[in-house]
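What follows is a single structure, written as structure tokens, with notes after it.
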Amino acid sequence: MVVAAELLGGLNPAQREAVETVEGPLLIVAGPGSGKTRVITHRIAWLVLGCGVRPYDILAMTFTNKAAREMGDRLGRLVGGHSDALTAGTFHSFCARLLRREGEHLGLPRNYLIYDDADQTAAIKQCLEDGGYDPRRFPPRAVLSRISRAKSVLQDSRVMAQQAQGDYFEEVCARVYRLYEELLGRNSALDFDDLLLRTAQLFREFPAVLGRYQQRYNYLMVDEFQDTNIAQYRISQMLARTHENFCVVGDPDQSIYSWRSADVRNILNFKTDYPGARVIALGQNYRSTATILNAAQGLISSNGQRLENGLFTENATGLPVQLHEAYTEDEEAGSVIAEIGRLAREEGFKPGDCAVLYRVNAQSRALEEACLSQGVKYRLVGGTRFYQRREIKDLTAYLRLLYNQQDDVSLSRIISVPPRGIGVKSIQQIGQWAASQGISMFEGMRRVAAARESGMPCPARLASRTVAAVARFAGVIDRLAALSQEVEIVKLVDLLLEESGLRKHIQESDDRPEERWENVLAYRALAQEFNAETPPDGLAGLLERTALVSQVDEYEEAEDSLTLITLHQAKGLEFPVVFIVGLEEGLLPHSRSLDSEEQVEEERRLCYVGMTRAQQRLYLLRAFRRGFRNGTTSGPAVASRFLREIPGGLVASAALGRGRAGAVAADDGRGGSIRAAALAAAAAAGPAAERLRVGDAVRHRAFGEGIVTAYDPTASDVEITVEFSGGVGAKRLLLSYAPLERLEGSGDSGLGGR
DNA sequence: TAGCGACTGGTTTTT
DNA sequence: CCAGTCGCTA
């Protein structure tokens with residue numbers, strides 16, 4: 001607990017201004033490492049301690065639940081006891097809770113379920129089939145993504161249908177969208193996008209409800225504003241309308257979620273939307289060495305669409321960015337892990353200080369293997385997500401059905417887990433009959449059971465053996481659903497595991513039963529956290545948590561473990577030592593992003609985000625050969641264009657993992673060595689590189705023309721020295737990356753990667 | 001109905 | 001390489 005005045009101490013003028021500006025619209029442009037988190041928490045603390053605002057009146061939107069939790073913790077330390085009344089969370093969790101309270105205005109039952117990605121895909125597939133469309137011709141994922149895009153700009157299926165005129169795919173999507181809306185309604189379910197869409201709808205159609213929240217939340221803050229979508233912006237605008245104490249924080253250069261419908265124009269146009277807005281730029285970086293920051297700035301300056309942000313640092317120069325070119329993906333991973341070992345032995349960094357960042361999750365495999373073989377403890381963020389694991393999805397599907405028996409999607413998932421004699425045909429039969437009666441599938445099964453009980457003929461066309469199985473299943477679910485209103489949540493989970501046969505099914509399965517059971521027990525431990533709630537609430541809380549947690553939310557810094565994480569997930573984190581692997585064309589930038597310059601710019605921002613996570617050391621790696629699916633390669637990998645865009649003077653080539661004593665031989669485990677990589681590097685740089693000799697005239701994109709004065713093969717590349725004319729002087733350059741062009745002779749070949 | 005083997009097609013990033 | 005799907009058999 002501090003006194004108000006102390007909150008402003010230790011802040012630079014811009015930070016201080018941002019903290020003290022509490023009234024009216026405010027845009028804080030916060031470059032990487034500029035103390036954003038500190039500013040946000042201090043600003044809230046200042047509101048409370050300096051301006052007498054109650055935490056209850058403040059709403060803070062964060063990008064992850066973890067960020068919200070941390071904000072709460074920090075605030076607690078600053079203002080003491082009364083911080084818990086603060087509302088902080090992601091848009092999705094805020095909206096989920098709001099709809100739980102207020103959804104009835106929209107006819108939404110209190111026990112609605114939240115569909116995750118897998119549920120959505122399953123539902124869309126169902127709708128495609130219902131609509132008579134071939135799921136091969138219309139991939140469910142593609143249709144879903146189109147629908148999701150419409151939802152995130154607040155379009156319903158009617159609007160989409162109107163706008164689809166003439167475009168067949170659009171028309172099909174609109175039609176499926178319609179069916180999907182109906183399905184969600186029947187199942188009492190909302191998908192991720194609905195949480196936002198329906199909240200916006202609620203606010204629009206029920207001004208009185210909106211009014212209450214406008215009154216309550218006098219002060220509104222939105223973090224990571226560059227990654228909000230239209231729906232999120234609209235919701236915050238509506239909430240802020242009365243007081244207009246609306247503070248948004250973000251950085252256009254770190255906008256990396258446009259594929260998820262985030263719209264960077266939200267931040268770019270904020271000043272236009274709010275002409276009276278103050279704009280404060282936090283320009284000083286406190287995180288990274290000057291070299292790392294300059295390298296990142298050099299890279300991002302290649303983007304055409306951006307606002308200059310004037311980011312600077314007073315930090316020490318630090319070491320050059322280390323560039324390592326590996327021969328294979330495995331050697332790349334091996335080098336990273338060996339270097340982490342060396343940093344631990346010789347430089348006092350712990351593995352916990354280090355993170356390896358990559359573009360796609362699949363890249364984690366080689367890294368994990370290297371960690372295993374070299375005995376480095378690691379922590380994988382993401383990957384096959386815990387909640388996506390089959391056994392967990394099955395268990396939660398049961399719980400969801402207990403919570404909400406309208407949910408046909410969950411029912412369909414678990415009806416044959418374990419197999420209980422109700423096959424695909426019977427399920428279809430029940431589904432059709434239930435639909436014709438306008439009831440849910442479970443209600444249908446219940447009626448089948450009731451008819452059997454009272455000796456009536458079975459209302460649906462089912463074999464008698466199936467009828468018995470259906471009755472048994474309905475009985476179990478009914479019993480458990482009744483119990484869910486009475487017993488505490490862990491008890492419910494235990495009963496469910498037994499009575500459904502799920503425990504037996506998992507433990508006797510031949511696919512890693514122990515591991516899967518461990519996962520179930522981990523989920524049970526999570527359920528423990530909700531045990532104190534009065535019965536139905538514990539289940540509600542557990543399900544909401546299951547649906548809305550992100551991977552980063554689960555991530556906890558572990559002292560001694562290396563972090564393996566995607567570039568996307570690394571946003572907002574920082575590490576003393578950062579490795580970015582896979583700097584190759586087609587991977588970073590990703591091949592799926594190569595068809596438009598806009599997408600490439602987003603990839604560049606992604607790389608920028610990765611680089612700016614580093615505090616002291618930054619390593620960039622690439623491999624010449626990267627395994628494709630079946631072990632074949634897709635030819636030699638071309639160096640990422642981003643490597644060329646980083647100012648050459650800030651980069652040095654590195655032979656990783658070799659200590660002062662040179663004890664650890666860098667070896668890719670297949671007999672290949674760094675030496676081989678060096679030869680490969682020269683080869684990859686093109687035939688002209690081998691022909692380049694001392695005395696040749698070359699042109700460099702930035703330094704101009706010069707003469708090669710030295711040619712030194714190093715561990716993984718060739719370092720050349722060029723004496724440039726025009727007062728530039730001598731520069732040492734890496735052959736494979738320096739944007740060099742040989743002037744005379746036959747070569748039209750640029751010597752850098754393409 | 002369930003389980004198995006063969007086959008296909010498809011792969012970014014995630015609240 | 002992997003997951004999802006298809007068709008066959010018990």
Side-chain angles (χ1 to χ4, degrees), chain A residues 61-68 89-96 114-118 120-122 125 135-136 139-142 144-145 148 151-152 190-196 224 227-229 231-232 255-262 357-365 381-385 387-388 390 415-428 462-463 465-466 469 505 509-511 544-554 565-571 582 586-594 599 602-603 605-607 609-610 627-632 634:
Chain A
M61 298 293 198
T62 56
F63 195 69
T64 63
N65 293 297
K66 180 171 179 251
T90 63
F91 272 98
H92 287 89
S93 54
F94 173 77
C95 291
I114 300 169
Y115 277 5
D116 69 14
D117 196 63
Q120 292 177 52
T121 312
K125 212 169 135 197
R136 299 159 168 285
R141 307 274 336 173
L144 174 59
S145 124
S148 171
K151 286 188 170 189
S152 64
L190 298 185
D191 66 17
F192 284 134
D193 301 307
D194 284 331
L195 294 173
L196 308 173
E224 303 288 2
D227 284 323
T228 53
N229 65 25
Q232 291 166 327
S255 148
I256 54 175
Y257 282 99
S258 73
W259 51 272
R260 210 171 74 185
S261 301
L357 278 48
Y358 40 83
R359 178 65 232 267
V360 301
N361 280 307
Q363 288 173 267
S364 69
R365 222 194 67 219
V381 184
T384 332
R385 317 164 68 147
Y387 296 105
Q388 309 260 74
R390 202 175 52 204
I415 186 90
S416 290
V417 185
R420 43 173 67 86
I422 306 171
V424 189
K425 273 178 81 182
S426 310
I427 293 166
Q428 271 175 2
L462 296 171
R465 199 175 43 171
T466 310
H505 178 67
S509 102
D510 36 32
D511 178 30
E544 184 176 307
R545 167 80 158 269
T546 309
L548 295 180
V549 285
S550 75
Q551 315 259 299
V552 198
D553 292 337
E554 307 275 280
I565 191 169
T566 64
L567 286 160
H568 280 93
Q569 296 188 115
K571 187 175 77 161
L587 195 52
L588 184 61
H590 195 273
S591 52
R592 302 276 291 221
S593 302
L594 291 178
Q599 289 179 311
E602 180 148 317
E603 297 284 307
R605 291 194 293 271
L606 192 55
C607 189
V609 166
F628 215 39
R629 358 183 190 301
N630 44 8
T632 64
S634 52

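So you know, we letter chains A, B, ... as the sequences are listed, proteins then strands, and number each from 1. All values derive from a computational prediction rather than experimental measurement.
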Quick check on dT13(B): is either OP1 or OP2 less than 4.0 Å from any side-chain nitrogen or oxygen of Gln569(A)?
no

In whole angstroms, how far is the P atom of dT15(B) from the NZ atom of Lys151(A)?
18 Å

Answer yes or no for this row: Trp259(A) ring on dT13(B) base, centroids under 5.5 Å, planes under 30°.
yes

By nearest-heavy-atom nucleotide on DNA chain B, the more 5' of Ile427(A) and Gln599(A) is Ile427(A)

If the threshold is 4.0 Å, N to carboxylate O, is there a salt bridge linking Arg141(A) and Asp117(A)?
yes

To the nearest Å, give me how far apart CG (Leu587(A)) and C1' (dT11(B)) are.
13 Å

dT14(B) phosphate, OP1 or OP2: any side-chain N/O from Thr566(A) under 4.0 angstrom?
yes

Taking atom P of dA2(B) as reference, at what distance in whole Å does atom CD1 of Ile415(A) sit?
10 Å

Rounded at 0.5 Å granularity, tell me how far CZ in Phe192(A) sits from CD in Gln120(A).
6.5 Å

How many Å lie between NE2 on His505(A) and P on dA2(B), as a whole number?
11 Å

Heavy atoms only, 4.0 Å cut-off, all strands: where does Arg420(A) land among base, sugar-phosphate and nothing?
sugar-phosphate

Does dT14(B) have OP1 or OP2 under 4.0 Å away from a side-chain N or O of Asn361(A)?
yes

Give a yes or no on whether Arg365(A) atom CZ has more than 12 heavy-atom contacts from other residues, nucleotides or ligands under 6.0 Å away.
no

Both Leu606(A) and Ser416(A) contact DNA chain B. Which one's nearest nucleotide lies toward the 5' end?
Ser416(A)

Tell me the closest heavy-atom pair linking His590(A) and Val360(A), and the distance in Å.
CD2-CG1, 3.9 Å

Roughly, in whole Å, what's the span from CZ in Arg592(A) to C1' in dT11(B)?
8 Å

Any non-hydrogen side-chain atom of Trp259(A) less than 4.5 Å from a side-chain atom of Gln599(A)?
no

May I have the distance from Lys125(A) (atom NZ) to dA3(C) (atom C1'), rounded to whole angstrom?
11 Å

For the side chain of Pro419(A), counting heavy atoms from C-beta on, which of dA2(B), dT13(B), dT15(B) is nearest?
dA2(B)

Rounded to whole Å, the CZ-P distance (Arg390(A) to dG4(C)) equals 9 Å

For Asn65(A) and dT15(B), give me the distance from atom CG to atom C1', rounded to whole Å.
9 Å

